[in-house]
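Side-chain atoms are counted along with the backbone in the values below, which use heavy atoms only and exclude waters and symmetry mates.
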Amino acid sequence: MAEFPLTPGGKLDREALPDPAAGRTDAPRNDTERKLAGIFQEIFPARSIGIRDNFFTMGGDSLRAFQLLTRIELVCGQRLSFAALARAATVEQLAALIDGRGDTETPHTHIVPLNLEAAGGPALFLVHGVGGSVHWYHALAELLKADFNVYGIQSPGMDEGEDAMIGADVECLARLYISEIKAVQAKGPYWIGGHSMGGIIAFEMARQLHAMGEEVALVANFDNWNRAADAPGFGTKLLRLTVHFLKLGTADKLRFLCDKMQWAKRCLDARLAPGRAGVRPLEEMKAANVKAAHRYVPGFYPGTLTLFRARQQAATALDDPLLGWNGLAEEIDVVEVPGNHYTLLGEPHVRTLADELRRRARPPGSSGR
């Protein structure tokens with residue numbers, strides 16, 4: 001615009017302003033897309049929403065996903081699962097699903113396709129963390145799409161009415177997930193990995209696959225501590241966190257407190273969201289996963305554990321370059337990557353992670369990009 005439209009009184013005439021989405025090639029085209037774009041706008045009020053903007057690359061996490069699915073149920077009258085959102089994460093894809101033009105809900109499985117563009121490429125299976133969702137892996141899956149078909153493995157309890165395995169031990173979860181990945185890929189070699197608790201489960205899956213006589217080409221641990229080596233109680237965590245906080249500069253202290261307040265607000269918003277039973281089932285699932293991770297005592301793995309260690313370690317962590325995994329694998333390949341436990345899978349750090357992962361797990365016939 002050359003100049004802003006004004007009212008006769010000289011003020012900005014907001015009604016005369018053009019629709020910011022009018023000139024976009026990805027503006028909503030039908031009623032369902034307009035409804036969904038409005039819901040996306042509620043969750044990301046500072047963004048201009050296009051129908052091909054990905055919910056997760058915009059910053060969607062498990063709590064925002066809960067809010068999104070709740071609003072979709074209220075506004076569009078259709079209940080969708082977390083797995084469906086992982087497969088259809090844009091306004092365009094969700095509208096096609098709701099209007100019956102996209103893939104319908106598949107028979108229940110914890111396997112969630114994240115990117116299947118590597119024609120003839122092997123599968124890379126990435127296991128959920130304590131929060132249960134696989135949304136953390138979307139950016140990594142996009143960067144690896146030329147080399148791998150990437151699948152996430154989400155936790156039992158992410159969707160309503162699916163709670164038989166909530167609270168199961170890591171060993172039981174590993175057996176369950178192996179049975180499901182074999183439905184996708186019957187024989188090895190297998191490429192598996194996981195962030196946080198997912199690293200523990202992936203390690204146990206590698207042990208069980210090896211015991212079955214299967215080849216494991218990669219077991220990747222994205223910054224996961226062996227809880228059996230260091231599982232500080234509340235008092236120890238609080239003390240370590242306090243020492244860390246006091247060492248921060250004023251700006252970092254404010255940023256730290258702001259992050260905690262924003263997380264608390266999202267938790268409260270999700271809890272108060274109408275339409276579903278509430279966020280409590282997700283909280284119970286997360287608590288059960290935390291307990292399972294702390295109960296797990298890893299055995300020895302006669303292969304290579306590739307440990308992607310975040311450069312910025314948590315204030316509550318001990319100073320151990322092997323994150324407590326020393327002596328638990330025949331070889332441990334430690335790869336330091338930028339970021340911290342929560343940012344290493346996001347931009348811009350995920351690009352380094354993808355490059356390092358590609359170097360260590362380049363499948364036969366890959367592009368080598």
Query raised in the report: How long is the gap from CG on Leu68 to CZ on Arg64, to the nearest 0.5 Å?
Result: 11.5 Å

Report summary line: Note: Asn289 and Ser155 closest approach over all heavy atoms is ND2-OG, 3.3 Å

Report task. Indicate yes or no: at least one non-hydrogen side-chain atom of Thr304 is less than 4.5 angstrom from one of Glu330. Result -> no

Query raised in the report: Would a 4.5 Å heavy-atom cut-off, applied to side chains only, mark Leu328 and Leu305 as touching?
Result: no

Query raised in the report: Less than 4.5 Å apart, any side-chain heavy atom of Glu204 and any of Leu173?
Result: no

Query raised in the report: Would you say Arg358's side chain and Leu143's backbone share a donor-acceptor pair under 3.5 angstrom?
Result: yes

Report task. Without swapping roles, check the side chain of Arg309 against the backbone of Leu322 for a donor-acceptor pair under 3.5 Å. Result -> no

Report task. With the side chain counted from C-beta on, respond yes when Phe308 and Leu353 share a heavy-atom pair under 4.5 Å apart, and no when they do not. Result -> yes

Requested in this report: State whether the side chain of His195 and the backbone N or O of Gly129 hold a donor-acceptor pair below 3.5 Å, judged by distance alone.
Outcome: no

Query - Check: Cys76 and Leu36 side chains under 4.5 Å, non-hydrogen atoms - result: yes

Report task. Say whether Thr352 and Asp355, considering side chains only, have a donor N or O and an acceptor N or O under 3.5 Å apart. Result -> no

Report summary line: Closest non-hydrogen contact found for Arg295 with Asp169 is NH2-OD1, 2.8 Å

**Report entry** Non-hydrogen atoms of Glu214 and Ala186 that approach each other most closely
**Finding:** OE2-O, 4.0 Å

Query raised in the report: Would Asn115 and Glu142 count as a side-chain contact (heavy atoms from CB on, under 4.5 Å) if you check the C-alpha gap in whole Å, the side-chain angles of each, and the deciding distance to 0.1 Å?
Result: CA-CA 7 Å; Asn115 205 315; Glu142 178 66 20; 3.3 Å; yes

Query raised in the report: Going from CG on Leu126 to NE2 on His138, what distance comes out if it is rounded to the nearest 0.5 angstrom?
Result: 11.0 Å

Query - Any donor-acceptor pair under 3.5 Å from Glu356 side chain to Val337 backbone - result: no

**Report entry** Between His128 and Tyr177, ring centroids under 6.0 Å
**Finding:** yes

Report summary line: dist Thr343:OG1 -> His349:NE2 (nearest 0.5 Å) comes out at 4.0 Å

Requested in this report: Measure across Pro189 and Ala217 and return the closest heavy-atom pair with its distance rounded to 0.1 Å.
Outcome: CB-CB, 3.9 Å

Query raised in the report: What about Ile201 and Met212, same hydrophobic cluster or not, with Ile/Leu/Val/Met/Phe/Trp/Tyr joined at side-chain heavy-atom distances under 4.5 Å?
Result: yes

Report summary line: Taken to the nearest 0.5 Å, the spacing of Arg311 CZ from Leu344 CG works out to 11.0 Å

Query - Parallel, tilted or perpendicular: ring planes of Phe55 versus Phe40, cut at 30 and 60 degrees - result: perpendicular

Requested in this report: Before giving the answer on side-chain contact (heavy atoms from CB on, under 4.5 Å), spell out for Leu209 and Ile178 the whole-Å C-alpha distance, their side-chain angles and the decisive distance to 0.1 Å.
Outcome: CA-CA 8 Å; Leu209 284 166; Ile178 286 173; 3.9 Å; yes

Report task. Would you check if Leu140 and Val150 make a side-chain contact, meaning some heavy-atom pair closer than 4.5 Å? Result -> no

**Report entry** Worked verdict on Leu85 versus His135 for side-chain contact (heavy atoms from CB on, under 4.5 Å)
**Finding:** CA-CA 9 Å; Leu85 177 60; His135 74 270; over 6 Å; no

Query raised in the report: Are Val297 and Met205 linked, directly or through other ILVMFWY residues, by side chains that come within less than 4.5 angstrom of each other?
Result: no

Query raised in the report: Hey, what do you get for CE (Met58) to CZ (Arg47), rounding to the nearest 0.5 Å?
Result: 6.0 Å

Query raised in the report: What is the minimum heavy-atom distance between Ala292 and Met197, and which atoms define it?
Result: CB-CE, 4.1 Å

Report task. Show your working on side-chain contact (heavy atoms from CB on, under 4.5 Å) between Asp223 and Leu323 and close with a plain yes or no. Result -> CA-CA 8 Å; Asp223 200 55; Leu323 304 186; 3.8 Å; yes

Query raised in the report: Tell me, do Ile153 and Ile181 make a side-chain contact under 4.5 Å, heavy atoms counted?
Result: yes

**Report entry** Cationic N near anionic O, under 4.0 Å, Lys35 to Asp31
**Finding:** yes

Query raised in the report: In this structure, are over 12 heavy atoms from other groups packed under 6.0 Å from Arg351 atom CZ?
Result: no

Query raised in the report: Under 4.5 Å between any side-chain heavy atoms of Ile72 and Ile98, yes or no?
Result: yes

Requested in this report: Count the heavy atoms belonging to other residues, nucleotides or ligands that lie under 6.0 Å from CZ of Phe44, then report whether that count exceeds 12.
Outcome: yes

Report task. Look at the aromatic rings of Trp191 and Phe148 and report parallel, tilted or perpendicular, splitting at 30° and 60°. Result -> perpendicular

Query raised in the report: Does Gln185 offer a backbone N or O that forms a donor-acceptor pair with the side chain of Tyr190 under 3.5 Å?
Result: yes

Query raised in the report: Is Glu171 paired with Arg175 through a side-chain N to carboxylate O contact shorter than 4.0 Å?
Result: no

**Report entry** is_close_aromatic(Phe203, Trp325), centroid dist under 6.0 Å
**Finding:** yes

Query raised in the report: For the side chain of Asp333 and the backbone of Thr306, is there at least one donor-acceptor N/O pair under 3.5 Å apart?
Result: no

Query raised in the report: What's the shortest heavy-atom distance between Arg29 and Arg52, and which atoms?
Result: NH1-NH2, 4.0 Å

Report summary line: Interatomic distance, CG@Leu218 vs CG@Leu357, rounded to 0.5 Å, equals 6.0 Å

